[in-house]
Number of protein chains: 2
Amino acid sequence: MENLNRLTRKPRQSDVAKRAGVSTAIVSLVLNGRLEGNVRISQQTQERVWQAIRDLGYVPNPVARSLAGGQNRLLGVFTYEAIFPLEQHDFFYPFLLGIEHEAESQGYDLLLFTQTDASKRRKVFLEGVNRLQLADGAVLLGQYSDRDELARLQQEGFAFVYVGRREVSGAEISYVAADYAAATAEIINRLLDLGHRRLLYLKVPQTSESSQDREAGYRQAFVKRGVKLDESSIVPLEEEADLQPLEGWLARGITAIISERPGLALRIVEAARKLGKQVPRDLSVATLGDVAGAPHLTAELTTFCIPRQEMGAEAVRLLLKRMESPPQTGPYRLLLPCTQTPGSTIGPPRHPKPRPTSQ
Amino acid sequence: MENLNRLTRKPRQSDVAKRAGVSTAIVSLVLNGRLEGNVRISQQTQERVWQAIRDLGYVPNPVARSLAGGQNRLLGVFTYEAIFPLEQHDFFYPFLLGIEHEAESQGYDLLLFTQTDASKRRKVFLEGVNRLQLADGAVLLGQYSDRDELARLQQEGFAFVYVGRREVSGAEISYVAADYAAATAEIINRLLDLGHRRLLYLKVPQTSESSQDREAGYRQAFVKRGVKLDESSIVPLEEEADLQPLEGWLARGITAIISERPGLALRIVEAARKLGKQVPRDLSVATLGDVAGAPHLTAELTTFCIPRQEMGAEAVRLLLKRMESPPQTGPYRLLLPCTQTPGSTIGPPRHPKPRPTSQ
DNA sequence: CTGAAAGCGCTTACAG
DNA sequence: CTGAAAGCGCTTACAG
């Protein structure tokens with residue numbers, strides 16, 4: 001560090017090489033620990049190089065490293081929404097926790113892409129340029145995603161893993177996802193086992209993969225149980241929907257409501273109580289997931305927890321695996337189990353189907 | 001995009017140049033819209049270049065661009081603790097919100113440094129090397145910081161801004177901080193104005209800059225008001241400290257307690273009530289800051305809010321200013337006002353000093 | 001075991 | 001108005 005103050009420019013590899021009395025190739029090899037192979041560098045030389053590096057306070061330029069074909073030990077993190085959102089504050093947090101932790105373990109730094117296009121929207125391709133290329137690979141997350149961009153990214157052979165299942169026609173996306181189907185099926189199984197036959201499944205109106213998976217789980221449970229599924233039991237409903245119909249549902253003999261959205265489930269429990277009904281005595285209510293960062297919100301509800309932190313960590317691991325293999329391989333996919341949380345909002349129905357009517 | 005499928009390698013600038021019958025320089029200029037200056041490129045040429053770009057599906061390599069261009073439009077974010085901590089979940093969040101938002105506005109991406117040294121601790125200098133140089137500049141934050149590293153970073157002329165005041169001997173650190181002194185003084189002023197004379201100031205045992213600033217504010221208020229400060233009114237106390245002494249304080253005639261820590265303040269209110277005292281009738285309680293991400297926790301308390309998001313955003317702005325100026329200039333510093341929140345835990349004391357004893 | 005050199009894909013003076 | 005060339009700071013064959 002002696003004369004850095006006199007120097008304006010940063011030291012570069014050639015400065016180190018000069019000072020250590022070796023070529024830049026040697027500096028590069030020492031720096032990258034490539035001490036095996038067909039090159040054997042004496043201990044002494046290595047020491048001289050490290051000393052020169054320390055003396056000069058040399059730091060390799062990651063951009064140059066990247067360009068020269070090496071890697072830069074940077075993992076990209078890309079989201080189509082702001083990664084630190086004001087509302088829904090906690091949505092990304094647990095994922096990031098897992099991503100950061102695993103990146104740290106693996107010795108990678110994180111590159112958060114925040115640049116937007118002219119219309120203030122986040123894009124992988126800005127003016128046709130794939131900016132994620134700055135990193136060795138990237139983890140993508142967020143509910144909204146631009147399918148065309150994902151397809152193009154995949155076609156380019158860029159190494160990325162999505163946190164959440166993403167299907168795009170013409171491209172096999174690698175992902176780490178929660179096993180919503182299995183977790184949903186398990187809840188429905190319990191309800192069927194308890195004797196419920198008149199279920200109502202309130203799903204989100206938009207069809208996302210996670211929503212499809214939950215619906216698939218719903219259907220699987222009926223098939224497995226050999227119970228005929230009433231197609232009209234699947235009803236798309238907005239989270240903020242008016243709960244007027246609740247009374248009608250109860251009158252129609254619905255004994256269990258499964259709401260895909262936790263918020264809606266909570267409102268249903270509340271509304272049912274307002275109608276003088278007890279949960280779960282008069283109505284069982286379940287939901288299909290927890291609220292990130294607010295487990296207490298769904299503590300009462302029968303539901304399952306999404307392993308967000310683990311998903312983040314596994315996404316990083318899968319990404320590294322993907323990065324080590326030739327482009328265009330894969331896809332790499334991993335399904336993580338959700339944890340069932342008992343809750344206290346489901347129970348046996350008042351009039352279980354199997355039981356004959358009272359004589 | 002005609003024969004991209006046949007081609008294994010991506011087209012590069014020279015391919016475009018060849019196809020358009022121009023030099024790479026022209027392609028670069030057209031691509032970057034540098035059509036003024038001392039170069040004038042005919043409409044026709046421009047069209048040929050764009051056509052070639054389209055024909056080949058050419059995408060400029062951002063890494064090469066960075067290397068040739070000198071900057072990489074990357075802003076570092078460094079913390080000595082994990083940036084997404086499990087406990088104290090919300091500590092960094094509002095700062096990051098501001099940082100991300102401002103970085104986005106300014107067209108920078110964020111580089112989160114997560115790499116650790118052999119003993120799993122975060123360091124700016126790993127093996128003697130300043131890793132922050134990966135970015136064009138960096139924002140540092142977190143309560144704990146390694147002063148030696150900050151000093152060295154400063155001496156190296158690296159462009160960085162700390163979120164929070166940091167004083168290091170022999171180095172003038174640039175920072176954006178909350179004006180704790182002014183905010184504290186304002187609260188103390190109010191108490192003095194209400195007639196309180198027997199105050200108790202519970203400060204954190206460790207001396208950090210923010211703690212010093214608050215204490216300074218406490219003292220300033222007395223000076224300004226011309227009231228003699230009782231040195232023994234300043235008591236270091238752990239957040240989790242036993243509140244046994246409370247009864248003694250009340251017996252000694254303390255009418256107002258100012259706790260630097262919100263958590264402790266809340267416990268004091270609670271403990272006082274358990275002793276049958278009313279707040280603020282029998283005891284005024286104030287604290288000197290809010291809890292990040294949980295404003296409701298301190299809603300009842302008389303305190304002030306720390307403008308965390310704004311601090312993050314201003315840190316980025318200051319950093320960009322710093323980056324534009326020659327190294328070794330500065331320091332760049334900014335003090336941001338806190339917002340007073342009324343709360344309901346202070347009121348006039350039972351026996352205001354100025355009032356003569358009842359006749 | 002070590003060095004000279006090409007090359008990664010751009011940008012930017014600098015000549016023409 | 002346009003082209004040839006140097007240079008950004010590395011890595012990696014390829015000679016010695």
Exercise. Nearest nucleotide by nearest heavy atom, which residue falls closer to the 5' end of DNA chain D, A:Val27 or B:Gly21?
Worked result: B:Gly21

For this session: Specify the residue among A:Leu31 and B:Val22 whose closest nucleotide of DNA chain D lies further upstream toward the 5′ end.
Result: B:Val22

Distance-only side-chain donor-acceptor flag, [X] / [Y], under 3.5 Å:
| X | Y | value |
| --- | --- | --- |
| B:Arg166 | B:Ser145 | yes |
| B:Tyr144 | B:Thr79 | no |
| A:Arg48 | A:Gln51 | no |

Exercise. Which of the following nucleotides, C:dC10, C:dT2, D:dT11, is nearest to the side chain of B:Arg65?
Worked result: C:dC10

Problem set entry | Per A:Pro60 side chain, nearest of listed nucleotides D:dC10, D:dT11, C:dG3 | D:dC10

Looking at [N], I'd like to know if its phosphate oxygens (OP1 or OP2) sit under 4.0 Å from a side-chain N or O belonging to [X].
| X | N | value |
| --- | --- | --- |
| A:Arg34 | D:dT11 | no |
| A:Thr45 | C:dT2 | yes |
| A:Gln44 | C:dC1 | no |

Sort me out a list of protein N/O and nucleotides 4-8 of chain D N/O pairs below 3.5 Å, or just none if empty.
residue, atom, partner, partner atom, Å
D:dC8, O2, B:Ala68, N, 3.4

Rounded distance (Å) that lies between atom [atom2] of [N] and atom [atom1] of [X]:
| X | N | atom1 | atom2 | value |
| --- | --- | --- | --- | --- |
| B:Asn32 | C:dC10 | CG | P | 11 Å |
| A:Asn130 | C:dG9 | CG | P | 15 Å |
| A:Arg73 | D:dC10 | CZ | P | 17 Å |
| A:Ile26 | C:dG3 | CD1 | P | 6 Å |
| A:Asp136 | D:dC10 | CG | C1' | 14 Å |
| A:Leu134 | C:dG9 | CG | C1' | 14 Å |
| A:Lys18 | C:dG3 | NZ | C1' | 15 Å |

Exercise. B:Gln309 versus B:Tyr93: any side-chain heavy-atom pair under 4.5 Å?
Worked result: no

Exercise. Under 4.0 angstrom, heavy atoms only, what part of the nucleic acid is B:Ser42 near: base, sugar-phosphate, or nothing?
Worked result: sugar-phosphate

Seminar exercise, completed: Residues passing the ring pair (Phe, Tyr, Trp, His ring centres under 6.0 Å) test with A:Tyr108, sequence neighbours excluded, are none

Exercise. Taking only residues two or more places apart in sequence, or in another chain, which ones meet A:Phe95 in a ring pair (Phe, Tyr, Trp, His ring centres under 6.0 Å)?
Worked result: A:Phe91

Seminar exercise, completed: Interatomic distance, CD@A:Glu314 vs CG@A:Leu319, rounded to 0.5 Å, equals 12.5 Å

Could you pull out all donor-acceptor pairs under 3.5 Å where a side-chain atom in residues 149-158 of chain A meets a protein atom, sequence neighbours excluded?
residue, atom, partner, partner atom, Å
A:Glu149, OE1, A:Tyr80, OH, 2.6
A:Glu149, OE1, A:Val124, N, 2.8
A:Glu149, OE2, A:Val124, N, 3.3
A:Glu149, OE2, A:Phe125, N, 3.2
A:Arg152, NH2, A:Gly128, O, 3.2
A:Gln154, NE2, A:Glu172, O, 3.3
A:Glu156, OE1, A:Asn130, ND2, 3.3

Problem set entry | Counterpart residues, salt bridge (Lys or Arg N to Asp or Glu O under 4.0 Å), relative to B:Asp136 (two or more places apart) | none

For this session: Assess whether side-chain hydrogen bond (donor to acceptor under 3.5 Å, both in side chains) is satisfied between B:Glu47 and B:Gln43, documenting all intermediate values.
Result: CA-CA 6 Å; B:Glu47 249 329 303; B:Gln43 273 297 332; over 6 Å; no

Problem set entry | DNA chain C: stems of at least 3 consecutive Watson-Crick or G-U pairs whose donor-acceptor distances fall under 3.5 Å | C:1-3 with D:14-16, C:5-12 with D:5-12, C:14-16 with D:1-3

